[in-house]
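Reckoned from all heavy atoms, side chains included, excluding hydrogens, waters and symmetry mates.
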Amino acid sequence: MEGKDLNFIRSLFRRYYQSNFIPAPRDAAHREFGFILFNMEGMIRHLSFRDSETLNKYLRREVPLHAFYSSAYYETPDAEDMDSKGWIGAELVFDIDADHIPTACKDEHDSWKCLNCGESGKGSPPETCPKCSSKRFKVEAWLCDQCLEAAKKETIKLVEDFLIPDFGFSLSDISFNFSGHRGYHIHVENDVARELSLDARREITDYIRGIGLSPKLHGFSREFSSFSPPDLGDHGWKGRLIRGIYNFVNKASFEELTAILKNKRIAKLIVQNREIILKSFESSPPRWPPIRGVSIKHWKILAEHVANDYACNIDERVTSDIKRLMRLPSSLHGKTGFKVKSLSFNELDDFNPLKDAVVFNYEPVKIHVFRAPRIVLNDTAYGPFNDEEVSLPLPIAIYMISKGAATLLRSVN
Amino acid sequence: MSVELTREDLAKYPFCREAVKYVKDVGLDLQDLFKPGYRVILERAVKRVRAAIELGKINTDLSDVDVELLSYPASLFILSIIAEPPLYRRYAVAEAKRIYEELKLEDDLKVKYLAESNFKWNVKIIGLGLFELHFQDYLKIAPSFRALNWKLVNRDLSGGWVKVSRGELSRLISEMVKLSIIGKSESIVSNLELPESFRKTVDELKRLYEGYRRVFSFEEEYKGPVVEEAFPPCIRRILSSLLKGESLPHMARFALTSFLVNVGKSVDDIVSLFNLTADFSENITRYQVEHIAGFRGSRKKYTPPSCSTLRTFGLCFPEDDLCRRVKHPLMYYKLKVKGRGRKSGR
């Protein structure tokens, strides 16, 4: 972004920061702040503000493209060297981003290009380039209502399946922010969360992502054949695994079962005895289904299969980084122009980021779009566009220009 | 609920608050240890350190509970004079083993009390020999254990509480004691005037320690390209069964993985080796390899088992002269790589 585009976006950001008061995060004086400014490479960090007033003074003066604050608390947040900041503690933070959630629509709007050999494709980038096995890609990812909906569902799952029942956190300790782009940030703040070590946080992410999960240790092992299987009402992963198997058996086809078990005979037995299996798991206490030929070994294979669906797709790097900078709530995301919006858990359900995180009016702006997929704003669809001049509502124009996918033709004012 | 600890308990658990207070009240000054009247305490302390060096294990001796209790701070004092951090580790492990063995036999209330009063852990008794520990406390220790059954994802976790057995809680407590003993090595200050007789005792322990040092500290790291031809026969054999797709016992997997990690193979390479086994799960294998490589948990890179351990597990297949000269597969590798360099240099 440069020239008139940059000036256009900056003037809009300036207007926003001058007419809005951005509340400082709790205990701001112990946090580090960082900013990326317009037309300046790199991040300015190691800043500290004693209160909301000084923070807002800075925002109005500098009009940053991106604004961040540390999830950690420090004795001396403005010390230049991380080691001399004096780490006191940190919120427990989770990042849920559409990038980490497989959605079908990504094939329509996202694409990647290998930085090594130039190979390219649709959707999320593969783990390694199919042509040269490189792991470095240039990714083009777009805002999409369906992806955002998936991220929201994942956020609700994190809270309702993990943070509250398993970890015992309460809603009053958890705050939610729409990231301003493709996901949500979930912050847990209380005495327990604050003191967790790096290793502890890593264990928590592994728990939520189901990493290292061994169904064997949850009772899916021959050693447990004389015991009852887990109960459908069990807590934690034990319960998730057995409920997963129950739901899967309840509706799986012969073909699906064969694909997973790699055994037609067993798949057939399961389909034929579906009712008996469900009844056995439902009974109190539950019993291993009494079907000749089907053993705990097979239930273990199904448990491994369903585990993935019950895990939650969080970005492990964010949670296990105790010195990370997070987006400042109520600031603007410089890649979209959308607001990083704080929400309560109740508001989350009806929240539509492509409407509720918009801070600018819908006045039409003439821009030249190079290329962009379809985008939905305030329940209206626009595009796709391919090298054309169009008049679009200001929020979309800001988004496309910020992304470098369009250039301004005529300013609104 | 408060639990009354007996003097015997203090002797068994000299790390606890009550024991520390008792020692303080007795007014034992470390300088006193050199006085003739305290000889038995000093002797017991030396015995503790000696057992840690030689056997890696200390037994509780309750024939005189006062001596047993007072010899604990005395042995820490001896360690501070020898001033070798690896010895602290060795000693800490031996004490932790002793404490673990004792705790396992205690009643639930006492185990709970020790965890609460010394470390401020949140513990609930939920059944006979069954406890719940808050995950915040559980995660202070458990991530440093390698076994999968310690991983939070494989535990019963509900409302913030992790279910643990008495044996497991005992293990967590003893590990906590181990860490606190190791922690003491960071603040070694010792410029005391030592009486001649004591100096001699310390020098003897030092010599003993030097003799064992090579066995238990593989501090030197090997850096260089991986030379597969220099792998010892045990590792070669495990590797070839793996490549044939045979299933390997736990110890063989651990020996292979830790060996490969130490000669510089990447985690990705090692994980893909296991890809061939029937029960392969990328998820679990990667986790285990990363743990052994020291990327997780205790951040400690594991060293492979020694030759004698491999022999015990039936994994040692000596083939050449070099096998007879070394006590550790990594030593074999280092010598072999060096030898090759010399030959090609000629």
Side-chain angles (χ1 to χ4, degrees), chain A residues 92 127-128 133 135 162-170 173 190-221 230-231 233-241 262 297 300-301 303-305 307-308 310-311 320, chain B residues 119-122 124 126 132-163 165 168 175 179 250 266 268-269 271-272 278-292 294-300:
Chain A
L92 177 62
E127 204 136 286
T128 55
S133 321
K135 287 181 175 174
F162 292 95
L163 297 184
I164 292 176
D166 293 6
F167 288 94
F169 289 121
S170 69
D173 299 329
N190 67 13
D191 290 346
V192 170
R194 201 172 308 136
E195 289 172 15
L196 292 168
S197 68
L198 200 81
D199 284 330
R201 285 167 205 255
R202 205 195 286 242
E203 274 295 288
I204 293 169
T205 37
D206 281 355
Y207 183 94
I208 291 168
R209 296 171 69 224
I211 300 293
L213 176 68
S214 161
K216 217 166 112 182
L217 293 166
H218 283 291
F220 293 89
S221 154
D231 192 295
D234 274 347
H235 294 276
W237 271 106
K238 211 171 234 101
R240 267 189 285 279
L241 290 178
K262 300 195 174 67
K297 189 174 87 188
K300 184 182 143 228
I301 297 173
E304 275 158 5
H305 173 75
N308 256 338
Y310 285 76
S320 54
Chain B
F119 315 130
K120 299 199 171 64
W121 287 355
N122 296 289
K124 292 197 266 191
I126 57 165
E132 277 183 342
L133 178 63
H134 196 271
F135 81 86
Q136 173 193 22
D137 304 320
Y138 179 82
L139 290 181
K140 281 178 185 147
I141 299 293
S144 63
F145 296 151
R146 189 168 51 88
L148 266 183
N149 63 312
W150 285 104
K151 237 183 130 38
L152 191 62
V153 75
N154 292 319
R155 311 297 308 196
D156 288 343
L157 173 67
S158 173
W161 297 89
V162 186
K163 221 180 261 177
S165 68
E168 288 169 333
E175 186 71 10
L179 293 178
H250 172 79
S266 75
D268 283 341
D269 285 351
V271 171
S272 62
D279 53 354
F280 177 75
S281 150
E282 155 111 30
N283 194 348
I284 290 177
T285 306
R286 178 167 296 276
Y287 166 74
Q288 287 172 325
V289 174
E290 283 179 354
H291 206 124
I292 292 171
F295 296 164
R296 286 173 168 274
S298 55
R299 295 294 141 74
K300 179 181 115 203

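- More than 12 heavy atoms of other residues, nucleotides or ligands sit less than 6.0 Å from atom NZ of B:Lys140.
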Carefully, step by step, assess B:Val153 and A:Glu203 under the rule side chain to side chain contact (heavy atoms under 4.5 Å, CB included).
-> CA-CA 8 Å; B:Val153 75; A:Glu203 274 295 288; over 6 Å; no
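- One finds the NZ atom of B:Lys163 at 8.5 Å from the NE2 atom of A:His235 (value rounded to the nearest 0.5 Å).
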Go through the steps to decide whether B:Phe135 and A:Val192 satisfy the test side chain to side chain contact (heavy atoms under 4.5 Å, CB included), and finish with yes or no.
-> CA-CA 9 Å; B:Phe135 81 86; A:Val192 170; 3.8 Å; yes
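- One N or O on the side chain of B:Asn154 and one on the backbone of A:Gly212 form a donor-acceptor pair closer than 3.5 Å.
- Between chain B and the options A:Pro215, A:Ala193, A:Gly168, heavy-atom pairs under 4.5 Å are most frequent for A:Gly168.
- Atom CD1 in B:Ile284 sits 6.5 Å away from atom CD in A:Glu304 (nearest 0.5 Å).
- Closest heavy-atom contact between B:Lys151 and A:Ile211: CE-O, 3.3 Å.
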In sequence, state the C-alpha distance, the side-chain angles, and the governing distance for A:Ile204 and B:Leu139, and then conclude on side chain to side chain contact (heavy atoms under 4.5 Å, CB included).
-> CA-CA 9 Å; A:Ile204 293 169; B:Leu139 290 181; 3.8 Å; yes
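- Counting non-hydrogen atoms of other residues, nucleotides and ligands closer than 6.0 Å to NE2 of B:His134 gives a total above 12.
- Residue B:Arg286 does not touch chain A at all, counting heavy-atom pairs closer than 4.5 Å.
- Using a 4.5 Å cut-off between heavy atoms, A:Asn308 makes no contact with chain B at all.
- When heavy atoms are compared at a cutoff of 4.5 Å, A:Leu196 approaches chain B solely by way of its side chain, counted from C-beta outward.
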Steps toward side chain to side chain contact (heavy atoms under 4.5 Å, CB included) verdict (A:Asp199, B:Ser144) = CA-CA 8 Å; A:Asp199 284 330; B:Ser144 63; over 6 Å; no
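- With a threshold of 4.5 angstrom between heavy atoms, A:Glu195 approaches chain B through side-chain atoms but not through N, CA, C or O.
- The line from CH2 of A:Trp237 to CG of B:Leu152 is 11.5 Å long, rounded to the nearest 0.5 Å.
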